[in-house]
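Input: a single structure, listed below in structure tokens.
What you see is a predicted model; the values in this text were computed from it and never measured. Every chain is numbered from 1, with letters handed out A, B, ... down the list of sequences.
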2 protein chains.
Amino acid sequence: MANKINAINLKDRFHKLGYKYTEQRQMVVDVLFEHPVLHLSSEDICEYFKQKNINIGQSTVYRTLILLEKMQIVRSINLDDGFTRYELLNHDEEHAHHHLICSKCGSIIDIKKDLLKDLEKQIFKDYHFKVQDHCLKFYGECDNCKDKN
Amino acid sequence: MANKINAINLKDRFHKLGYKYTEQRQMVVDVLFEHPVLHLSSEDICEYFKQKNINIGQSTVYRTLILLEKMQIVRSINLDDGFTRYELLNHDEEHAHHHLICSKCGSIIDIKKDLLKDLEKQIFKDYHFKVQDHCLKFYGECDNCKDKN
DNA sequence: AGCAGTATTGCATTTCAATTTCATTATACT
DNA sequence: AGTATAATGAAATTGAAATGCAATACTGCT
């Protein structure tokens with residue numbers, strides 16, 4: 001777990017890359033850590049701060065998320081709702097994990113296990129295309145919604 | 001091939017659904033049929049008309065694409081370039097096909113074969129999630145770009 | 001500790017794809 | 001052909017994302 005990101009070594013990481021670990025950046029990171037299951041958008045985070053009467057400009061939140069992505073602390077994902085969403089990058093995972101998106105209730109289920117390794121080998125064989133990352137989403141009906149019919 | 005969409009039965013399809021088969025809609029469909037390999041955006045199509053001195057409003061193109069999607073003639077896809085792109089829906093394919101996206105040159109390769117059937121069965125077993133459709137993109141280096149190093 | 005240089009912040013503004021409005025025009029059915 | 005209805009397109013609007021810039025805060029240096 002040497003690679004694990006946490007609040008303890010984040011400051012160092014910022015400094016090593018020449019960035020300042022400001023209060024605002026810290027707070028954005030904190031929100032992400034406090035809600036590891038959610039897939040927060042920039043707007044969500046702004047709204048969260050507003051409700052807690054914390055004053056951080058929306059452009060700061062935007063720029064922080066972009067910075068965090070560059071630092072490989074978060075990954076941006078598109079869950080087809082018109083917002084760029086972010087999730088903490090787990091360094092145990094080599095690639096992006098997958099998402100199940102329920103068409104009925106909109107709930108998102110993360111699949112942490114990489115299910116595509118074999119496919120990527122096959123794609124290299126068939127297309128000589130060297131896969132570096134992937135994005136896999138499944139749309140359908142979740143367990144809860146299935147019962148409601 | 002009873003299901004195959006073509007210019008011959010398109011008019012009927014519009015009429016059966018209560019839509020008018022206008023010249024503009026016809027031309028949008030024609031552009032899509034003429035470029036089955038490309039993944040045209042609304043803007044691409046508008047640009048194409050402009051270059052041919054064909055006058056069709058951008059909102060008409062937008063609305064036509066949305067209508068064609070509703071009619072299951074096209075599918076909208078997101079290739080992460082900020083544009084909604086469209087491709088003809090092949091009714092031989094049960095699900096969306098996959099895309100290889102080269103990070104170097106931006107070229108897009110379609111994979112028509114459904115590689116996810118087994119995974120979807122497994123997802124139903126593990127998560128009780130009934131997959132209806134999917135979206136799979138691979139990012140990496142295409143055959144051409146690999147040689148250039 | 002105080003200073004200087006630089007990075008960051010946040011308000012306001014801009015960008016741009018996408019969508020909507022509404023008066024005009026075209027289509028399909030009788 | 002006439003009529004009801006749908007479609008068109010120019011222009012305006014929306015909303016997420018990005019940017020400019022003056023004010024502010026942070027860090028390293030003395």
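- Comparing atom distances between the B:Gln58 side chain and each of C:dT27, C:dA18, D:dT8 picks out C:dA18 as nearest.
- Looking at A:Asp114 and A:His97, their side chains never bring a donor and an acceptor atom within 3.5 Å of each other.
- The OH-C1' distance, from A:Tyr21 to C:dT6, rounds to 21 Å in whole Å.
- The aromatic rings of A:His134 and A:His98 are tilted relative to each other, their planes meeting at an angle between 30° and 60°.
- For A:His15 and C:dT8, the NE2 to C1' distance is 13 Å, given to the nearest whole Å.
- Rounded to an integer number of Å, the gap from CG of A:Leu65 to P of D:dA16 is 15 Å.
- Between B:Gln24 and D:dG9 there is a side-chain N or O to OP1 or OP2 distance below 4.0 Å.
- When heavy atoms are screened at a 4.0 angstrom cut-off, A:Glu23 is found touching no nucleic acid atom at all.
- At a threshold of 4.0 angstrom between heavy atoms, the contacts of B:Gly18 with the nucleic acid are absent.
- Taking the six-membered ring where tryptophan is involved, the planes of B:Tyr21 and B:Phe14 are tilted, since the angle between them lies from 30° to 60°.
- In this structure, the CD1 atom of A:Ile54 is 16 Å from the C1' atom of C:dG10, given to the nearest Å.
- Listed nucleotides: D:dT8, D:dA10, C:dT9. Nearest to the side chain of B:Ser59: D:dA10.
- For CD of B:Glu23, the number of neighbouring non-hydrogen atoms (other residues, nucleotides, ligands) closer than 6.0 Å is 12 at most.
- Heavy atoms of A:Thr84 sit under 4.0 angstrom from primed sugar atoms or phosphate atoms, though from no base atom.
- Salt-bridge check for A:Arg75 with A:Asp133: passed, with a basic side-chain N closer than 4.0 Å to an acidic carboxylate O.
- Heavy-atom distances to DNA chain D give each of A:Glu43 and B:Gly57 a nearest nucleotide, and the one nearer the 5′ end belongs to B:Gly57.
- Atom-to-atom, CE of B:Met27 to P of D:dT8 comes out at 13 Å; the value is rounded to the nearest Å.
- In summary, the side chains of A:Gln24 and A:Thr60 do not present any donor paired with an acceptor at a separation below 3.5 Å, with no hydrogens or angles considered.
- Across the protein-nucleic acid pair, A:Phe83 atom CZ and C:dA18 atom C1' stand 14 Å apart, rounded to whole Å.
- At least one side-chain nitrogen or oxygen of A:Arg25 sits closer than 4.0 Å to the OP1 or OP2 atom of C:dT9.
- In this structure, A:Thr22 reaches the sugar-phosphate backbone alone: every heavy-atom distance under 4.0 Å involves primed, P, OP1 or OP2 atoms, never a base.
- One finds no side-chain N or O of B:Asn55 lying less than 4.0 angstrom from the OP1 or OP2 phosphate oxygen of D:dT8.
- Considering only side-chain atoms of A:Thr60, the nucleotide from D:dT5, D:dT27, C:dG10 that sits closest is C:dG10.
- In this structure, CG of B:Leu17 is placed 19 Å from P of C:dT27, rounded to the nearest angstrom.
- Atom pair B:Leu67:CG and D:dA6:P shows a separation of 13 Å (rounding to whole Å applied).
- Of the candidate nucleotides D:dT8, D:dC26, C:dG10, C:dG10 has the atom nearest to the side chain of A:Arg63.
- The side chain of B:Tyr62 lies closest to C:dA18 when the candidates are C:dA18, C:dT9, D:dA18.
- Heavy-atom distances to DNA chain C give each of B:Tyr19 and B:Gly82 a nearest nucleotide, and the one nearer the 5′ end belongs to B:Gly82.
- Across all strands, B:Ile66 comes closer than 4.0 Å only to sugar-phosphate atoms, never to a base (heavy-atom distances).
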